[in-house]
Every structure is written in C-alpha cells, then in structure tokens.
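Let me begin by presenting the structure, written as structure tokens, before commenting on it.
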2 protein chains.
Amino acid sequence: MVTGDSNYIKTMNRKLVLEDIIRSRSISRVDISKRTGLNKATVSSQVNELIDQSLVIEKPVENYAQPGRRPIILELDPMSTYSIGIDIDRSHIRIMLINLKGMTIYNNIHDFDIRHTDTLAELLPTLLEPVISQYNEVYRPNQLVGIGISLHGIVNAELELLYSPPQQLDLKPLLSELEERFEVPVHIDNNANMSVRAEQSFTAYETNLYSMTLSSGIGLGILLNNEVFHGFSGYAGEVGHMIIKQDGIECRCGNRGCFERYASDEVLTRSLADAGISLIEFPTYESLKADEKAKAIFEDYISFITVGLNNIINVFNPKKLVINSTIFSKYPELLDELKPGLTSSFIDYGDILISPLGTQSSALGAALVPLAKFLDINHFDLNAYHIAH
Amino acid sequence: MVTGDSNYIKTMNRKLVLEDIIRSRSISRVDISKRTGLNKATVSSQVNELIDQSLVIEKPVENYAQPGRRPIILELDPMSTYSIGIDIDRSHIRIMLINLKGMTIYNNIHDFDIRHTDTLAELLPTLLEPVISQYNEVYRPNQLVGIGISLHGIVNAELELLYSPPQQLDLKPLLSELEERFEVPVHIDNNANMSVRAEQSFTAYETNLYSMTLSSGIGLGILLNNEVFHGFSGYAGEVGHMIIKQDGIECRCGNRGCFERYASDEVLTRSLADAGISLIEFPTYESLKADEKAKAIFEDYISFITVGLNNIINVFNPKKLVINSTIFSKYPELLDELKPGLTSSFIDYGDILISPLGTQSSALGAALVPLAKFLDINHFDLNAYHIAH
DNA sequence: TAATATTAGTTTATCTAACAAACCAAAACG
DNA sequence: CGTTTTGGTTTGTTAGATAAACTAATATTA
C-alpha cells in the first residue's frame, strides 16, 4: 500500500513544481512559490534538482523594468529528451516525434493494411530504426524516453487487441520486440484514449475531459482526474455501441441500433456515395446546404450525432467535450446545427469544441504517454506552447 | 494548492490506519502495520491519537493459543458518535440514525407530499428534534456528527433542487435552518448519489461502483475513486433521460425516446394497471410468467432495461453494478432474464447485483456522508459489519 | 553618485513525522 | 523456570518542509 513518508512528499511537491513550470512556460522560482503555495526554499531545492536532471534550464530575463533583483526564468529544456507516438489506423501508420515541450519534430505517414496487424512486430522496428538513430544524434545521445502506440480497437486487460471482434491479436510480442530493440518502455492504448490526452494537453486543459472520435467507428476518450478511464477491463468509452434505436439496424457487435450504425463517418460516406454525392463538390457548408440531397443526408447525420451526444452529456455532465472528426473539421457549422438538439432539461454542459488536432491527435497523445511517465507528472498542460507555435 | 508537508502525510497515514480498522472490524496494531506497510511505531502513534479522540477502543483478546504477548484488539467505538440520514421521496420522509459502525439505531417513515417541498425547512426540525434529544442522552452528549439529506431530483451546483423541471427549489434556507438548529453540518445530494455510497459500504466494496435506481425516474449513482461523480454542475448520471429510441415517446425533459419513458417502475405499473393486473396476484416470478398478459408486459420491460444497461455498461465497463428496484427485489429472476441481452462483443462487466438495501439505501447513504466527513476518510467499507448483523 | 527601497533567491535553524532498531511486556512451551 | 515467540513502546536518526534571516542585484531618488 502507498504510505506517506518524506519520499512521498518530495515526489508530490516535485510534481507540483514541474507541472507549474510546464503550464506557465516561463516562470521564476518566486512565482512558482506564490502559485503553488510551497515555501521559496522548497521550490529552490526542487528546481535545482530538476536542473541537475537536465529537464529545466535557466534563462536571464531582459527588459525588466521593476526594481529589485531580476528573476531567473525557468523553462523546460526542449533539447533534453524526445518521445515517439505511433498511430495505427486501418490503412496507415503515422509516426510522430515530439520534444519535451510537446513540439512536433518529425511527422510521417506510411501505408499499411490493418489486416496485417500481426506483422507489426517486424514492420515497426524497420520504420523506427532510421528515425531514432537520426534523432539520437541531434539530441543528447539516447534521449528517447519511450514509445506510445495508438490502436483502433479495444486494448483489453490481457493486452489483447480486439479490432473487429471476434478477431483479436496478442500485443505482447510487439511490445517486447520494441522494448528490447530500442531499450525504452512502450505504452499501448486505444486511439480514443490516446486522443483525449492530446486534447487535454494541446486543445483545452481540463482535469476531466471527454473526446469523441468519429472515424470508422465512434469512440469516447474519457479523462477523469487527469487519468484515462479504462473501466475494469479496458472496454470503457466504446460509445459506438451504445443503442440509440431499439430494434434498429444490425451491428457487427451482435446488437441492433448501435450509435455507430447511424453516425459514423463510414455510414455517412456510404449514404453520400449511394446518392451519388462527393464532398469534394462542396467546399463550404453553405454550398452543401444548397444541395437538397446532401442537405437531407446531413440533417439525418446531425440528428443521430445529437442523440449520441445527448446520451454522453447526460451521463457525464461534461465541462468540455471535444469532437474529433474530419467532417466536423471541414464543416464547423455542423456544431451550431447540433447544439439546439442538446437542450433537454436534464442535461448540462460547458462547451463543445471541434478538435484542431484532427488525424494527428492519437499519435500526439501516444507520444505524450512516455513523456508524462518519464517526467513523473499527472497532467501536461502544453496549451501555452501550442498557442505560441 | 494542496502541497506536501508533515501535516499532509500525518493525515494521509491516519486515513490508512482508520480505514483499515473499519474494513477489518477487529485488528491489532501489528496487523495494521503488516497490511498497510506502515512502521509499527507509526501505527502505534496514530492509533493512540484515535483512542484519545474516542473513535477507537481497545479490547482484550480471549482464547488466543499462540505463544507470545497477546495482541490488543482495536475496534471502532460504536457509542462515540451517530449520524442522521434523511430520504425525501415523492410521498415519504425516511429518517435513519446510524452509529459509527454503520448499524441502524433508528428508522422511521413519515408521510409527506413532494408538492410541499418548500415547507421542509419548517417540517424537518420538528421531526428531528425529539429523535436528536433522545439519542443525545444515550450517546455521549451532543455526539451527532451531521445530517445527510437525499433528494429525488438534481441538486445542481447552485444548491438548487430541480425535481421536476422547470420547477426548482432553493435549498440554502433548508440547509441553514438545520445547521443553526442542530449545530452540525448538513449535506445534500441526489438519491442515486446517496444510494451508491450505501451500496459501496454495505453491499459490495469497490473503488469504482455504479448503482442504478429504478423508482419514479431512473438514476445512476457513479462512484469513481471512492468519490461520487457529479459532473461539472451536478447533472451527471441522469440516465433516465438517455435516448434509447430516436423519435420515441415524448418526455417531460423536452426530448423523445428517453429511457425512463420505457423502463421506470411508474411506466411498468401503469402498463400493468391498464391490463388490469396487480402484482399482488403474483407472489413468485413463476406465477407471473404463467400469466400471458403479465409475461408480455415484463418481456417488454426487460428488453428496455437491457438496452439502458447495455449503454451504461458500454460507457463505464463496470466491475460491479448494483440495481436498486422494488420489482427486481421481488422477482430476482429478472436478472437472469436480462443478462443474455448483455453480450455485445464491445461490452464487458464483472457482476450485476440486486441491492439488498432496497428503499433504505438512499437514507443510509445520506447518513454515511457526515460520518465519512467527520472521520475524514475516503472509503467506508462496512461490509464485514453488515454480514455480522 | 551614493543611499534607499525593492524584489529574487539562498542559507540557517527549527520542527514534524516516519523509520529502524533496540527494548520491554506477556504469553506458550518444554 | 528459563527459552521462545510475538505485540507493542521507546529511542535515536533522518528527510524534507518551513520561517526567518541573510545575500544578491537592480531601479529609484535625494
């Protein structure tokens, strides 16, 4: 059992200090003391350890008009370490590298067929090897802190991937292959769960945050108390299989009327194709609404999305919820169409946002996991950096 | 901001010790040390403070066959304090008193009409006065630690009760009246939220637990990390207004197809009445199934409950979920009828239980809140006591 | 320009609570 | 009746936070 001793409070206060430096981007020792409530001496000793560990660097401040000794500005050292995030969707593998400040330093896509998932333990090292050896030279030698992998499917408690039940894949060989080859920890999770971490860090910092990903299926990443909520065996947030229409359309999961049979991008794309419509014809939402057939299809789509969102909001009463969808990114006006449907007297929410991260969110989130583990922090508020770059 | 210092670890370890004494029912200092990992000396000093505070008493152990000095058994002192829980439903007020060990020492029901909710600030003190003065004599003087009140409706962030929107009631006068009169803290929450606390303490101890209450409406009490999850403004868990049938029956909330329009006890009772059936005729589930009309109504009911449960399980992937319903208590076989419908390949759960606490759960949960606050502990595992009594 | 005010950060002494190890207490056993 | 065994206390040490005193550095001002 975790007990309280001097070591515990040391670690706890280290987290407070480091998290505050990350959140503030640039901050002096005294300001950390004021903001956290920790004594100046405590902050100093913690900061000096962080500097010894090469995580934080000191910078002189210029153009400082106040009287008194000038503060020494503290920042994360972006050249100290980097992390890798990999997103494997049904047709691509995206590999991203980010530095300690969360800035993307490499971002590349490879073609891949999801049906060959069992070849990943061979393929991934080949793709990673040149990238890692290149960046290990730029950064201090061997400063890769870990690899995060985002997978489209449920990662259950036994580390099996259920990508299209009953198909399943044992992920342990992939993990050990990568861990042995690159001598770093490898973390694996579902894409919706990886995404919500990225949304917290880059889009909207909230202790509790929800991110609904609409792609082939529909997943909800749930962040509670700065931690991804997995449920007891990894199945939490599979909202694509929430029933919104009893006795509705049959679904591969065995039930009828599942949310994703009505509101996934796949279903929308098929409806449009059946009507002989391609979205390339409609650069704006206005142009789309001018087309009667397209308008009707989108009205249906919105009505289904609204039902699903209503249910999610009903359960979680979210302060903020992020929608990650190529359709919503293309036509942000959809959000305004949808909101009037979310006015039941038993639901309430703060704000619904469209993700600015798009298809990169799950790889970004995957890259954040090893960084957070390495720094030993709970939350990772990089919004300040993101705005700046 | 909460920082780590000596006071913090003291409180933290106090919680560990006290929680372990509660969970174990009877335990020696050495065993606490072994189970928590705390040093023997630390446990001794913490325990001695708990004894000074009259929360814990020492008992000699008898019939101890081992060699060596006999352990001193530590237990909660049931005569040290008591707590009051009040449940206000649409037609009754239940008042319960429990002692430090969670044992019920008073349990009474008064008639009450929900339409007179605004008179509560006058009525409740009159009902409580004689009970409190009686028990203050039995216990050490003035050892009431607080009052918890369970209300059927949403308690929002502004401490307003939304019992049948748009009807709402400002709860602040009720709170201050009771706090001034009895000089103890008063805690207010929704009945589903109060219930899930009771289920954790008495039915099934889990760090994350879910309790679905089927009465006039349908509510889900959500316990995450030993804390009731309220969402950002108190609306979390209002699953009665989850849409399970798009364009379904109209609901008072403004939407159509809400779960509670199909699966609440109220709806079931009406369907039965319309068919000229009374459940008194059917003492057993077998007898009910022999009646064609009743059987058909219950098959419908089960199918709706299954859809709602499917969605809840889908989102939370619960280890344990408790159903609190008079119908399920009367016909526990309903659970077996329902489970085959919860087999989608995207959901998984540990166990679904029928609450043994019945209509007392929300008052019990309400009484637990002041106790937990008073003892300053996070969880309250009284299952051991409950089995014993 | 030198004294003063002001702010940043460090040093020093103190304190709290956990811990390890030595110790005392009390029982069974042979 | 000593030995063994286990429960619980006492003692000395340690880590880390804190308050307060101190040093450092810079703008202001007389």
Side-chain angles (χ1 to χ4, degrees), chain A residues 1-18 20-21 24 26-53 56-75 376, chain B residues 1-18 20-21 24 26-53 56-75 376:
Chain A
M1 204 178 279
V2 181
T3 58
D5 57 10
S6 59
N7 198 49
Y8 184 93
I9 57 175
K10 177 95 184 274
T11 313
M12 176 178 171
N13 290 336
R14 193 193 107 112
K15 275 186 189 150
L16 293 178
V17 170
L18 190 48
D20 202 45
I21 294 173
S24 319
S26 288
I27 193 166
S28 68
R29 287 171 175 80
V30 170
D31 282 347
I32 295 172
S33 168
K34 282 180 195 154
R35 291 173 44 138
T36 59
L38 288 165
N39 186 281
K40 284 200 296 177
T42 308
V43 172
S44 264
S45 107
Q46 290 277 10
V47 162
N48 292 338
E49 280 191 31
L50 293 171
I51 290 170
D52 288 347
Q53 290 161 23
V56 166
I57 45 174
E58 293 186 326
K59 278 190 177 178
V61 66
E62 277 140 54
N63 307 324
Y64 192 75
Q66 264 103 332
R69 176 173 169 177
R70 285 187 179 165
I72 303 164
I73 292 305
L74 302 166
E75 289 192 13
D376 190 25
Chain B
M1 204 179 279
V2 181
T3 59
D5 57 10
S6 59
N7 198 48
Y8 184 92
I9 58 176
K10 177 97 185 272
T11 314
M12 175 178 172
N13 290 336
R14 193 193 106 111
K15 275 186 190 149
L16 292 178
V17 170
L18 190 49
D20 202 45
I21 294 172
S24 319
S26 288
I27 192 166
S28 68
R29 287 171 175 80
V30 169
D31 282 347
I32 295 173
S33 168
K34 281 179 195 157
R35 289 173 45 138
T36 59
L38 288 165
N39 186 280
K40 284 201 295 178
T42 307
V43 172
S44 264
S45 106
Q46 290 277 8
V47 163
N48 292 338
E49 280 191 32
L50 293 172
I51 290 171
D52 287 347
Q53 289 161 23
V56 167
I57 45 173
E58 294 186 321
K59 278 190 179 179
V61 66
E62 277 140 55
N63 307 325
Y64 193 74
Q66 264 103 332
R69 175 172 170 177
R70 285 186 178 164
I72 302 163
I73 293 304
L74 302 165
E75 289 191 13
D376 189 25

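Within every chain, numbering begins at 1; the chains are lettered A, B, ... in the order of the sequence lines, protein sequences first and strands thereafter.
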**Q.** Atom-pair distance (OH on B:Tyr8; P on C:dA17), nearest Å
**A.** 15 Å

Q.
Measuring only between side-chain heavy atoms, which start at C-beta, is B:Thr3 closer than 4.5 Å to B:Tyr8?
A. no

**Q.** Any side-chain heavy-atom pair of A:Glu58 and A:Ile73 under 4.5 Å
**A.** no

Q: Could you say whether A:Gly4 or A:Lys34 is positioned toward the 5' end of DNA chain C, judged by the nucleotide with the nearest heavy atom to each?
A: A:Lys34

**Q.** Length of the line joining A:Asp31:CG and C:dG9:P, which is rounded to integer Å
**A.** 8 Å

(Q) Is the shortest side-chain heavy-atom distance between B:Ile57 and B:Ile51 below 4.5 Å? (A) no

Q) Rounded to whole angstroms, how far apart are CG on B:Asn63 and C1' on C:dA27? A) 14 Å

Q. Going 5' to 3' on DNA chain D, which nucleotide is the first and which the last to come under 4.0 Å of a heavy atom in chain A?
A. D:dA15 to D:dA27

(Q) Quick check: on DNA chain D, is the nucleotide nearest A:Gln66 upstream (toward 5') of the one nearest A:Ile9, or the reverse? Name the residue that is more 5'. (A) A:Ile9

**Q.** d(CG, A:Asn7; P, C:dA18) in whole Å
**A.** 14 Å

Q. A:Leu50 versus A:Val17: any side-chain heavy-atom pair under 4.5 Å?
A. yes

Q) Which sits closer to the 5' end of DNA chain C, B:Gly68 or A:Pro67, going by the nucleotide each is nearest to? A) A:Pro67

Q: Identify which nucleotide among C:dA22, C:dA18, C:dG9 has an atom closest to any side-chain atom of B:Lys40, counting heavy atoms from C-beta outward.
A: C:dA22

Q. Touch check for B:Lys10, heavy atoms < 4.0 angstrom, all strands: base, sugar-phosphate only, or nothing?
A. sugar-phosphate

Q: Could you tell me, to 10°, how much the axis swings from one end of the helix from C:dT1-D:dA30 to C:dG30-D:dC1 to the other, five pairs per end?
A: 20°

**Q.** Minimum side-chain heavy-atom gap A:Ile72-A:Val61 below 4.5 Å
**A.** no

Q) How would you label the contact of A:Gln46 with the nucleic acid (heavy atoms, under 4.0 Å): base, sugar-phosphate, or nothing? A) sugar-phosphate

**Q.** B:Leu38 side chain near B:Ile32 side chain, heavy-atom distance below 4.5 Å
**A.** no

Q: Report yes if a side-chain nitrogen or oxygen of B:Asn39 is closer than 4.0 Å to either non-bridging phosphate oxygen (OP1 or OP2) of C:dA20; otherwise report no.
A: yes

Q.
Taking any heavy-atom pair under 4.0 Å as a contact, classify A:Thr42: base, sugar-phosphate, or nothing.
A. base

Q: Find the distance B:Glu58:CD to C:dA26:P and express it as a whole number of Å.
A: 13 Å

Q. 5'-most contact on DNA chain D: A:Arg69 or A:Asn13, nearest heavy atom basis?
A. A:Asn13

**Q.** B:Arg29 vs B:Gln46 side-chain heavy atoms within contact, under 4.5 Å
**A.** no

Q: Pick base, sugar-phosphate or nothing for A:Asp5, based on heavy-atom distances below 4.0 Å to the nucleic acid.
A: sugar-phosphate

Q) Would you call A:Glu75 and A:Lys59 a salt bridge, using N to O less than 4.0 angstrom? A) yes

**Q.** Heavy-atom check, side chain of A:Gln66 versus side chain of A:Tyr64, under 4.5 Å
**A.** yes

Q.
Whether A:Ser6 contacts C:dC19 is assessed here as follows: a side-chain N or O lying under 4.0 Å from the phosphate OP1 or OP2. Is that the case?
A. no

Q: Test A:Lys10 against A:Glu49 for side-chain contact (heavy atoms from CB on, under 4.5 Å), laying out the working first.
A: CA-CA 11 Å; A:Lys10 177 95 184 274; A:Glu49 280 191 31; 2.7 Å; yes

Q) When you check the phosphate oxygens OP1 and OP2 of C:dT6, does a side-chain N or O of A:Arg70 lie under 4.0 Å from one of them? A) no

